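Down below is the structure, laid out as C-alpha cells.
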Amino acid sequence: NLRRMVETWNIARNHNISWGEKGQLGTALGAYLYQHFTLADINRPCVGFANEWDARQDDPHHRNSKVLFGYSCGKAGGPAYSEAQVEDLLGNIRIRGITTRQNTRFTPVPTGGGNNPAARSFAQAGTGDTGNSHFPFNMAWKFTERFGNDVFPN
C-alpha cells in the first residue's frame, strides 16, 4: 500500500498529509506506482513512489523479491509536481547492475548494511524530518515448497 509506505517516513509522520492523485509510470526498472501528497501544515508538495520486481517463481504467490520506494518533496509553498517532473524523477532512478551496466573495473566498498550501526542510524534518523524510523524492514515471507523444503525469499 503506497500510502502506508509514505506514512513510515519521518517527514510524513511529523506533518499532516493531504493526499492527491495516484498514477503509474513505466520505466527501465518497470512500473512505478506513485501518489501526490502535500505536507498540509507547511504547504510542501511531495510525491511518493514504489516499485517491485523480480517475481519469485518458487513462491506459490509469485511475490516480488525486490522493492524500491521513497518520496521527493519540493519547497514549502511551491507548486505541486507536474506529471513531467514525476516522469523525470522516476525515469532517472538507476540501480547499478539492473538498469545500468555495472562497472567491473572496481568494486564498491560496502558500508556494512544492516549490521553497521552508523549506517542504520543514518537511515533511521530518529529525529526531525529525515529517515525512516521503521528501517530496516522485515519484508520476507517464509513458505514451504510442495516437496516440503523451507524457502526464504531473498
Side-chain angles (χ1 to χ4, degrees), residues 1-102 108 110-143 152-154:
N1 178 305
L2 193 55
R3 282 189 184 192
R4 201 170 75 192
M5 179 280 303
V6 166
E7 290 170 346
T8 66
W9 293 97
N10 291 339
I11 195 168
R13 295 175 64 206
N14 293 338
H15 299 280
N16 297 322
I17 298 176
S18 173
W19 295 103
E21 292 185 25
K22 298 177 184 178
Q24 182 173 333
L25 179 68
T27 70
L29 188 56
Y32 275 94
L33 299 177
Y34 65 91
Q35 184 164 10
H36 294 270
F37 65 98
T38 301
L39 303 175
D41 54 331
I42 59 174
N43 192 27
R44 189 171 180 190
C46 305
V47 63
F49 54 87
N51 190 344
E52 299 179 3
W53 70 97
D54 194 27
R56 296 295 307 248
Q57 300 306 308
D58 52 353
D59 177 352
H61 300 288
H62 302 287
R63 292 173 283 217
N64 293 304
S65 66
K66 307 249 184 319
V67 177
L68 183 146
F69 62 93
Y71 69 91
S72 179
C73 291
K75 293 181 180 181
Y81 279 78
S82 70
E83 294 310 305
Q85 288 173 309
V86 172
E87 185 175 338
D88 187 51
L89 170 71
L90 300 180
N92 283 298
I93 295 174
R94 302 283 188 259
I95 299 176
R96 188 177 335 154
I98 297 176
T99 58
T100 59
R101 187 177 59 178
Q102 186 160 351
T111 61
N115 296 328
N116 182 327
R120 182 181 296 220
S121 175
F122 179 76
Q124 288 176 334
T127 61
D129 281 349
T130 61
N132 191 318
S133 60
H134 296 284
F135 180 84
F137 297 96
N138 181 8
M139 300 180 77
W141 294 277
K142 180 180 178 183
F143 56 90
F152 297 90
N154 293 339

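Because the structure is predicted, anything quoted here is derived from the model rather than measured. Hydrogens, waters and symmetry mates are skipped; everything else that's a heavy atom, side chains included, is used.
One distance of note links CG of N16 with CD1 of I42; it measures 10.0 Å at 0.5 Å rounding. Separation of atoms CG (L2) and CZ (F37) is listed at 8.5 Å; rounding is to 0.5 Å. Rounded to the nearest 0.5 angstrom, E7 CD and R13 CZ are separated by 10.0 Å. Atom OG1 of T38 sits about 10.0 Å away from atom CD1 of I17, to the nearest 0.5 Å.
Taking the side chain to side chain contact (heavy atoms under 4.5 Å, CB included) definition, one finds that A31 meets it with Q24, sequence neighbours left out. In this structure S72 satisfies the side chain to side chain donor-acceptor pair (under 3.5 Å) test together with Y81, sequence neighbours excluded. Not counting sequence neighbours, the partners of Y71 by the ring pair (Phe, Tyr, Trp, His ring centres under 6.0 Å) test are W9.
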Which pairs would a plain distance check flag for residues 83-93, meaning a side-chain donor or acceptor within less than 3.5 Å of a matching protein atom at least two apart in sequence or in another chain?
unit_1: E83; atom_1: OE1; unit_2: Y34; atom_2: OH; d: 2.5
unit_1: E83; atom_1: OE2; unit_2: H36; atom_2: NE2; d: 2.9
unit_1: Q85; atom_1: OE1; unit_2: S82; atom_2: N; d: 2.8
unit_1: Q85; atom_1: OE1; unit_2: S82; atom_2: OG; d: 3.4
unit_1: D88; atom_1: OD1; unit_2: N92; atom_2: ND2; d: 2.8
unit_1: N92; atom_1: ND2; unit_2: D88; atom_2: O; d: 2.7

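For residues 39-49, every residue pair satisfying the side-chain hydrogen bond (donor to acceptor under 3.5 Å, both in side chains) rule, not counting sequence neighbours, is listed here: H15-D41. Note on residues 29-64: pairs passing disulfide bond (SG atoms under 2.5 Å apart), not counting sequence neighbours, are C46-C73.
No donor-acceptor distance shorter than 3.5 angstrom exists from the side chain of Q35 to the backbone of F49, with no hydrogens or angles considered.
What you find for P79 and P45 is that their closest heavy atoms are O-CG, 3.2 Å.
The closest side-chain heavy-atom distance from Y32 to L68 is below 4.5 Å.
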